[in-house]
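Structure, as structure tokens:
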2 protein chains.
Amino acid sequence: MGVTKTQIFNIEQNELAVIFKVLSNPARIAILQYISHQDSCICNDIVDEIGLAQPTISQHLKELKSINLIKGEIEGKKVCYCINLPKWTEIQALFNSFFNTTKSNCC
Amino acid sequence: MGVTKTQIFNIEQNELAVIFKVLSNPARIAILQYISHQDSCICNDIVDEIGLAQPTISQHLKELKSINLIKGEIEGKKVCYCINLPKWTEIQALFNSFFNTTKSNCC
DNA sequence: ATTTATTATCGTAATATTGCAATATATAAA
DNA sequence: TTTATATATTGCAATATTACGATAATAAAT
């Protein structure tokens, strides 16, 4: 197979899994860290910084965008990628809610 | 390819990615939630509850164990799986640290 | 209009993941 | 010791992911 049986899980479980999946690659972690620590956040800089080919970075950026973790503003021929702070905060809260409600009983 | 270039990223980035990857499947989310909300946490119950085949559940449990998120105590012919609370708390702190240090500048 | 620079998309190869049937292992009960 | 129960492992098919070369698309500069 290779396909996840999403239909047997609830919305919260699937949503959490999707977000975790987007974050489950060190390149995407590195991109997020790089974007957040730069004044100007431009794709080509990311390529130089991370050390993966430009199409690969572009694809990772697309995945980060797919859950609105980042947003890209077009500035001439460049695109300024930034972390989408409201979504970022929302996801952090979602994670904390998951961690806080999923540790209750324990041997 | 299909293989992640872990060698070009630092330990923190790879570690975060590995943890996120373990959590990036709705079945594993569901297992963690089920384990935490039961008094007795036994693998066979999980199979009945989740709706995936026993080998599939066993494999997911193995992945959760691979990062010490859960621990399994053998009780007769059953195994009592429980959330490993210290690790659970550690990961929550790691995530919060990541989220708090990665949102600084933003358009 | 042509060139240059930046980013996106397509196609593809290599590898990883998901899920399950079949089977193995281990322990308790009969 | 045989049988029943619970869990783990193996092997495999289907699909997903990662990475990149080639190429397209877009916009500024010449």
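All values below were derived from every heavy atom in this structure, side-chain atoms included, with hydrogens, water molecules and symmetry-related copies excluded. Lettering follows sequence order; numbering is per chain, from 1.
- The 5' end of DNA chain D is approached more closely, in terms of each residue's nearest nucleotide, by L52(A) than by the other of L52(A) and I74(A).
- Atom CD1 of I29(B) and atom P of dT18(C) are 12 Å apart (whole Å).
- I74(B) and L64(B) fall within the same hydrophobic cluster, defined by Ile, Leu, Val, Met, Phe, Trp and Tyr side-chain heavy atoms under 4.5 Å apart, directly or through other members.
- Under 4.0 angstrom from either OP1 or OP2 of dA19(D) there lies at least one side-chain N or O belonging to H60(A).
- Distance I57(B) CD1 to dA8(D) P: 11 Å, rounded to the nearest Å.
- Put simply, N25(B) has no side-chain N or O that comes within less than 4.0 Å of OP1 or OP2 on dT17(C).
- Comparing dG21(D), dT18(C), dT7(C) against the side chain of Y81(A) picks out dT7(C) as the nearest.
- Counting heavy atoms from C-beta outward, N96(B) and F95(A) have side chains that stay 4.5 Å or more apart.
- The distance between atom CD of E63(A) and atom C1' of dT17(D), rounded to the nearest whole Å, is 8 Å.
- For the OP1/OP2 pair of dT7(D) and a distance below 4.0 Å, the side-chain nitrogens and oxygens of K62(B) include no atom meeting the criterion.
- Whole-Å rounding puts the L23(B) CG to dT17(C) P distance at 14 Å.
- Atom CD of Q59(A) and atom C1' of dC10(C) are 11 Å apart (whole Å).
- One can place CG of L61(B) at 10 Å from C1' of dT7(D), the figure rounded to the nearest angstrom.
- Relative to the side chain of V3(A), the nucleotides dT15(D), dT18(D), dA8(D) differ in distance, and dT15(D) lies closest.
- If you check every strand for non-hydrogen atoms under 4.0 Å, T56(A) touches a base.
- One atom, NZ of K21(B), and another, C1' of dT18(C), lie 13 Å apart when rounded to the nearest Å.
- Within the 4.0 Å cut-off from OP1 or OP2 of dC20(C), at least one side-chain nitrogen or oxygen of K5(A) is found.
- Side-chain contact check for T4(B) versus P26(A): some heavy-atom pair is nearer than 4.5 Å.
- Per the geometry, NZ belonging to K77(A) stands 6 Å off P belonging to dA29(D), to the nearest Å.
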